[in-house]
Protein chains: 2
Amino acid sequence: MSLRYGLLGLLKYSPMTGYDLKKIFEDSVNYFWSAKTSQIYRELQTLEKNKCVQSNIEISKAGPNRRVYTITPLGIKLLKEWLTNMPEETDEDNRNEFLMRVFLSSNIGGNELLRLLEARLKKYQSDIKRLDATAQAIPKYKEKFDVDKELLYWKISVSRGYHDVQSHIQWAEESIQYLKELGFK
Amino acid sequence: MSLRYGLLGLLKYSPMTGYDLKKIFEDSVNYFWSAKTSQIYRELQTLEKNKCVQSNIEISKAGPNRRVYTITPLGIKLLKEWLTNMPEETDEDNRNEFLMRVFLSSNIGGNELLRLLEARLKKYQSDIKRLDATAQAIPKYKEKFDVDKELLYWKISVSRGYHDVQSHIQWAEESIQYLKELGFK
DNA sequence: GGAGACATGTAAGTGGTTACATGATTCC
DNA sequence: GGAATCATGTAACCACTTACATGTCTCC
């Protein structure tokens, strides 16, 4: 569901192609949602079937033709309905393969887990850099889409990204230290 | 994949039924993985097809019969292989429907978002209680499965759960305050 | 001439959810 | 008598991934 409404939400800023949407997902929403190109194109097709968006082919002399999607009034209506009708239990999706590995680490031992955690710590540190890039992209979209009140909500979302990464780093560092104190290396 | 190995990992502690596994998922692994009964039974069937587990029906006079699954040497081997061969990019699955809503909140406005965040904060606070219960369940499993070195890894996992929830709470509180300072109510 | 960005899709498969179906036992 | 827990499953569906397929333009 979220992908569906994410696409509608972005199309509300401006008409776009599937390719554009994929790029925005990559460099702005990416820390809490991602989607493969193939899924985006398919979802756009079903959205068009449901009359939530409408597409027009834009013939360009320079480069391949582009199918540009525009949100319809119905699309806007359904987007707002989704946003206002929030179910009691919208779980943040906790599925975490890495934690499954940690949980089962008795099978590989503390030394091995230590190495896993150290590698993971590096990943978390690079996550911060990706978030910085995202935060810096916000003003760019401000110009591109000529939005203003949106910025507040984008900032609150990005801030959640930072809180998350920072807590991951803290946990990894603590756990590494703990394992070392126990004599693992 | 993770469900598959989660089941194998738990079955390594002790032979169990699908129903048992479901219960353990609910009160011990739940904060980073969950699964519906139907999925667990199906997965156990494919694991048996692949010779990773083996099942025997236990006839009980009191109550319905139970199909008890036992991990095979092949299952143990594959579990360990999975744990040692960690791919470079095991993403923690970030998909977060709630954040998608926050990100798109310009469509409903700051007052509405404030209410969403306040409800969410309560949910986070109840998450802490669930984690406390999980942490307290650890010794129980220690006796049940007669494990000891596992405890260390369970503790490290649960600790991650706490870090996560605490950062969620902090973010929600900060964002609520921020919105209030801006005059939303 | 080749790499990489631009651009759009289809097909098959996996993992997860929802809905359905059944029936015994225990405790109030 | 009724609700909750124990216990096991099937079928249909939905969301997402992986692999495949095609072709243009731009910059080095």
Side-chain angles (χ1 to χ4, degrees), chain A residues 1-8 15-27 29-30 32-50 53 55-69 82 87 89-97 100, chain B residues 1-8 15-27 29-30 32-50 53 55-69 82 87 89-97 100:
Chain A
M1 285 292 98
S2 300
L3 174 64
R4 162 122 77 250
Y5 295 104
L7 295 173
L8 286 176
M16 277 182 266
T17 67
Y19 194 82
D20 295 334
L21 287 160
K22 166 68 178 159
K23 282 223 315 279
I24 296 188
F25 263 75
E26 255 165 28
D27 70 46
V29 192
N30 168 283
F32 67 83
W33 208 275
S34 63
K36 309 281 170 182
T37 333
S38 53
Q39 201 197 350
I40 289 177
Y41 282 115
R42 190 160 40 103
E43 193 64 45
L44 285 170
Q45 281 169 19
T46 54
L47 278 169
E48 184 154 37
K49 247 179 249 151
N50 302 342
V53 301
S55 76
N56 292 91
I57 289 179
E58 200 179 75
I59 287 137
S60 76
K61 33 228 108 155
N65 293 344
R66 298 152 41 88
R67 182 179 290 271
V68 179
Y69 288 90
W82 181 71
E89 269 301 311
T90 319
D91 260 349
E92 334 227 334
D93 198 351
N94 293 320
R95 290 212 166 83
N96 189 324
E97 181 183 322
M100 182 66 90
Chain B
M1 283 293 96
S2 299
L3 174 64
R4 163 121 75 250
Y5 295 104
L7 295 173
L8 286 177
M16 277 182 265
T17 67
Y19 194 82
D20 294 333
L21 287 161
K22 167 67 177 158
K23 282 223 316 276
I24 296 188
F25 263 74
E26 255 163 29
D27 70 46
V29 193
N30 169 284
F32 68 82
W33 209 274
S34 63
K36 309 280 170 185
T37 333
S38 53
Q39 200 195 351
I40 289 177
Y41 283 114
R42 198 180 34 165
E43 193 64 46
L44 285 170
Q45 280 169 19
T46 53
L47 278 169
E48 184 155 37
K49 248 179 248 151
N50 302 341
V53 302
S55 76
N56 293 91
I57 290 179
E58 200 179 75
I59 287 136
S60 75
K61 34 229 108 153
N65 293 345
R66 298 151 42 87
R67 182 179 291 271
V68 179
Y69 288 90
W82 181 72
E89 268 303 308
T90 318
D91 260 348
E92 335 227 334
D93 198 351
N94 292 321
R95 289 214 165 81
N96 188 325
E97 181 184 320
M100 183 66 90

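Each chain gets a letter, A, B and so on, in the order the sequences are listed, and its residues count up from 1.
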| Atom CG of A:L47 and atom P of C:dG9: how far apart are they, to the nearest Å? | 14 Å
| task | Rounded to the nearest angstrom, tell me the gap between atom NZ in A:K36 and atom C1' in D:dC14. | result | 18 Å
| query | For A:F32, does its backbone N or O pair with a side-chain atom of B:R95 as donor and acceptor, under 3.5 Å? | reply | no
| request: Please work out if B:T17 contacts a base, only the sugar-phosphate, or nothing of the nucleic acid, heavy-atom cut-off 4.0 Å. | output: sugar-phosphate
| field | A:D20 side chain reached by A:R66 side chain, heavy atoms, under 4.5 Å | value | yes
| Rounded distance (Å) that lies between atom C1' of D:dA7 and atom CG of B:D20 | 10 Å
| request: Could you tell me the separation between the CD1 atom of A:I40 and the C1' atom of D:dT18, rounded to a whole number of Å? | output: 16 Å
| Student check: side-chain heavy atoms of B:N94 and A:W33 closer than 4.5 Å | no
| request: Kindly say if B:R67 contacts the phosphate of D:dT8, meaning a side-chain N or O under 4.0 Å from OP1 or OP2. | output: no
| When you measure from the side chain of A:N30 to the backbone N and O of A:D27, does any donor-acceptor pair fall under 3.5 Å? | no
| task | Can you tell me the distance, in whole Å, between the CG atom of B:L21 and the P atom of D:dA7? | result | 12 Å
| task | Whole angstrom is fine here: how far is it from OH in B:Y19 over to C1' in D:dC6? | result | 5 Å
| request: Give the rounded distance in Å between these two atoms: CD of B:E97 and P of C:dT17. | output: 13 Å
| task | With the side chain counted from C-beta on, respond yes when B:Y41 and B:K36 share a heavy-atom pair under 4.5 Å apart, and no when they do not. | result | no
| message | When you measure from the side-chain N and O atoms of A:R95 to the phosphate of D:dA15, is any distance below 4.0 Å, counting only OP1 and OP2? | response | no
| note | A:L44 atom CG is separated from D:dC16 atom C1', nearest whole Å, by 15 Å
| query | Quick one: OG1 on A:T17 to CG on A:N65, what's the gap to the nearest 0.5 Å? | reply | 12.0 Å
Could you list the protein-to-nucleotides 10-15 of chain C atom pairs, N/O on both sides, closer than 3.5 Å?
residue	atom	partner	partner atom	Å
C:dT10	OP2	A:Q45	NE2	3.1

| Using a distance-only test with no angle check, is there a side-chain donor-acceptor pair under 3.5 angstrom linking A:S55 and A:R67? | yes
